[in-house]
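What you see below is based on every heavy atom in this structure, not just the backbone, and it leaves out hydrogens, waters and symmetry mates. Because the structure is predicted, anything quoted here is derived from the model rather than measured.
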Amino acid sequence: MVSTYFSYNYISHHLKQSLTRVEQQTDVAREAAYYKANIGKVKTVDDLMKDYRLYHYAMKAYGLEDMAYAKAFMRKVLESDLSDAKSFVNKLVDKRYREFAAAFSFAGGTKPVAQSEDQIDEMIGLYTATKKGQVDALADDTKYYSTQIGSITSADQLLNNDRLRNYVYSAFGIDQSKWPRDTISQVLRSDPSDPNSYVNTTFASQLPGLNAQLAQAKSDVSATTTKIADYTAQLSQPGADVDQLNVQILVEKYHLESYTKSVSSLNDQISTIGNFVDLAGAFEFSPDGSLPSGVPAQTAANVTLTTKRFDDSKSAIYAAASPLNEALAIRQFRNAILNIKSVQAFVSTPAVYDFALGAVGLDPKAVPQDTVKAVLESDLSNPKSFVYTLKDNRYVELARSFNFDAKGNLTTPLVAQDPAKVLQIAKDYVIAVVKQASPEQQKAVREQAQKDATSYQEAIAGIDSVSELLANQKMVDFILVAKGLDPKKVSTEYLEKIFASDLNNPKSFANTQTDPRFAEIAASFNFDSKGNVARLAMMGPQKQDQFRETQENYLQQSLEQQQGDTNPGVRLALYFQRKAGEITSAYDILADKALSEVFRTTFNLPDSMASMPIDQQAKFVDKFMKIKDLSDPAKVEKLLGRFSAMYDVKNGQSIGQGQSPLLNLFQGSGSGISDSTYLAIAKLRSH
C-alpha cells in the first residue's frame, strides 16, 4: 500500500484537482444534480426527511450519515434556534449538529417581515435622533435669530435673509405660499398705532365686518344644529313624514357643513390679521423700510416676544420629543409594526405611518399616501425605480427601512449579510483573534475583539454595495481574519475579482482559486451581479452560501471516505486539515474521536490516555500542541506530515479496510476515547 505520508501530501498539494475528480464521478455528480434540482421544492423539515436522497446527501455533507436513522433527534436539531444558547443543538457537544442546523433556515432563518428586529431598533434610534435633531435645530434657529437680528438695518435686509425670514414667518403664523413678499414688507413698515398705516387700512379695517360675519356664522351653526336635532326627534313621533324629514335633515347638514367651513375660514382670516398687526408692532421699521438712527430692528422685549412665539409655533415638535410622548410613540410603534403585513396596512396604521415618516424627517400630513406606497414598493436595486425619481434621500431611507415587494407584500430584509451570517463572522473573528493571544493577553484581547465585532455588526447594516464594503479596510480586515486569512497578503484588486465572479460558474475566478475561503466570503454576501445589495432568491430552505457549503462539504466527505477505503490514515489527516481552523481549545480536540486519534498518533501517545481525567488530557494537548498554530495552514501541513509518518510506523503500512477501526472514529462508537471523557466535556460545555 502507498504510504500515508505520500498519499496525504499528494492530495493535500493537489486538493482542488482531487475534489474535481470526485465531483466528476458518476454517482457523486448524479446525487449533486438531484440535490440541486430538488432542494428548492423543500418547504419543511418533513419535506427534507421524506426525500431519502436529499436527506442522506445533506447528512453525508456534514458527516452525520450514521445518524440518518435518528429522524426525531435530527428534527430537533433542524428546528433549533441557533441564536438561543439554550436551544437543543447548542447544548450538544458535537459541533457537526450545529453546522448541520446552520446549513438550513427552518428555524431562526430570515422570514418575510415588515421590519426585522435590527430594522425596528434602527428606526427607533432614527426617530429619537430625528426628534432630538429637530429640537436642537430649533434652538440653533433661536440662537441665530437672537445674535443676528441686531445687525438688521432694513425690512428688505430682514426678508432677504432666508433663515431670519422663515423664523419670523413661523413666529407670526405667516404662510409664505399665500402672501407675497411685498405684502409682508409693507406690514413690517407699518405703525399699528397709526390709523392710516398699511396694516390698519388694508387689514385691521376688515375686523369689524369679519367679526360680524363670524358671529352670524356661529349663530347659523347653532340654529342649524338645533333644527337637525328637532327633525331627528320628529322622526320617532307617530305619523311623522319620515321621507320629508330625512330630506330636511340632509339639507340642514349641508348648510351646517357650509356654516362650519365659514366659521373656520373667518377665524383664520381674523387670526391672520391679528398676526399682521402683531408683526407690525414687533419691529421698528420706518414707512420706507429703514430704521431711525440708533434704533434696532426690535427692542429687547420684542425679541423675547418673537422667540416665545416661535417656540409656541413649534409646540408640536417639542411635544413629540418629550420623553413621555416619545416613549409612548415608541411603544405604540413596536406593538403595531408586528401586525403590518402589507403596504396598505402600513399607510392605514397611524402608529406606524406617522412614526416611520417622522423618523426620516417627513411630515405625514404633507406627503400623499400614494407617494409613500410607490416608494415602499420601489426596487432599490433599480436606479430607475420610483423612489430615486424623487431625488430625496429621506424617501430612499424610508424604503430601505421596510421590506415590501413590488406588489406591496412582505419580503425579506434587504441587507448585505443575513443576521445569522453576521453573528457567525463576528464569532469567528473573536475566536481567531483570541486564539493568537497569549494566556496573559487573552482577556484584554477578547474584550477588544468583542468591541470590533460590535462595530462590524453596526457597520455592515450600512453597506449597500461591494465597492462600499471594499472601501472600508477595517471591515475587510475583520472578514479576512474571521476566515483565518492574513489581510496583509490580500489586495483590494484581488477581492474585487472574487466578488465579481459568478459563483454558479465553476470556471469563474473565485471558483478556480486554490483557497476556497475567498469564494465562501463572496457567497456569504447578498450582492447581485452588479455588486449591489439585493434580495437573493432562496433555494427552498437554503440561502446561496448554505447550498454552496453543503455541496462542497459533500465533495470533501466523499473524497475523505474514498481515501479512507484504501488508507484510513489519509482520511484522518484530511479530516484534521479541514477541521483545524475551527479548533479553539484542547477540549475541541478531545471531544472529537478522529481529531484526538490524530493528536495521539502524531505525538506517539497511548490510547489509554483517553481514560485520564479530562483536565489532565487537556494539559497534554496544550503541552504538545499550540492551538493558535492550527490557524496557520503551513504549520498544520507540517503537523500532519508528522502524523502521516507516525501513522505508517504505528500501523506498519498494512492496515486494510477490513482491519481498520477508523469507521468507529467517525461514527462515535467505542474506539479511542472513553465515554467518561465525553461526559466530562459535555459538563464543561454546559457551564
Does [X] have any side chain to side chain contact (heavy atoms under 4.5 Å, CB included) partners at least two apart in sequence or in another chain, and if so, which?
| X | result |
| --- | --- |
| N604 | M646 |
| V466 | L470, F499, F527 |
| V636 | A580, L630, L640 |
| M49 | V45, Y55, K71, M74, R75, L78 |

Please tabulate, for side-chain N and O atoms in residues 31-40, each donor-acceptor pair with protein atoms closer than 3.5 Å (sequence neighbours left out).
| unit_1 | atom_1 | unit_2 | atom_2 | d |
| --- | --- | --- | --- | --- |
| E31 | OE1 | R53 | NE | 3.4 |
| E31 | OE2 | R53 | NE | 3.4 |
| E31 | OE2 | R53 | NH2 | 3.2 |
| Y34 | OH | D51 | OD1 | 3.3 |
| Y34 | OH | D51 | OD2 | 2.8 |
| Y35 | OH | Q542 | OE1 | 2.9 |
| Y35 | OH | Q542 | NE2 | 3.4 |
| N38 | OD1 | K41 | NZ | 3.0 |
| N38 | ND2 | Y34 | O | 2.9 |

Exercise for the section: State which residues pass ring-ring contact (aromatic ring centres under 6.0 Å, His included) with H13; sequence neighbours excluded, sorted by chain then number. Expected result: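 H13: no ring-ring contact (aromatic ring centres under 6.0 Å, His included) contacts found.
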
Practice task
Would you please name every residue forming a ring-ring contact (aromatic ring centres under 6.0 Å, His included) with F624, sequence neighbours left out?
Solution key: F603

Partners of [X] by side-chain hydrogen bond (donor to acceptor under 3.5 Å, both in side chains), sequence neighbours excluded?
| X | answer |
| --- | --- |
| Q546 | S105 |
| T512 | none |
| S7 | none |
| T20 | none |

Exercise for the section: Starting at CD of E122, measure out to CD of E458 and round the result to the nearest 0.5 Å. Expected result: 9.5 Å

Problem - Salt-bridge contact D94-R96 (side-chain N to carboxylate O under 4.0 Å) - result: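 Judged by the 4.0 Å cut-off on N to carboxylate O distance, D94 and R96 do form a salt bridge.
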
Problem - Residues K579, D592: salt bridge by 4.0 Å N-O rule - result: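 No, K579 and D592 are not salt-bridged.
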
Proximity of [X] and [Y] rings by center, below 6.0 Å:
| X | Y | answer |
| --- | --- | --- |
| F518 | Y494 | yes |
| Y97 | F73 | yes |
| Y52 | Y57 | no |

Completion exercise
Here the salt bridge (charged side-chain N to carboxylate O under 4.0 Å, His left out) pairs for residues 424-440, sequence neighbours left out, are none

Practice task
Please work out whether the ring planes of Y647 and F643 are parallel, tilted or perpendicular, with thresholds of 30° and 60°.
Solution key: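 Y647 and F643: tilted rings.
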
Problem - Minimum-distance pair of heavy atoms, taken over all atoms of I425 and S524 - result: CD1-OG, 4.4 Å

Practice task
Specify the closest pair of heavy atoms between A85 and N90, including all atoms of both residues, with the distance to one decimal.
Solution key: O-CB, 3.5 Å

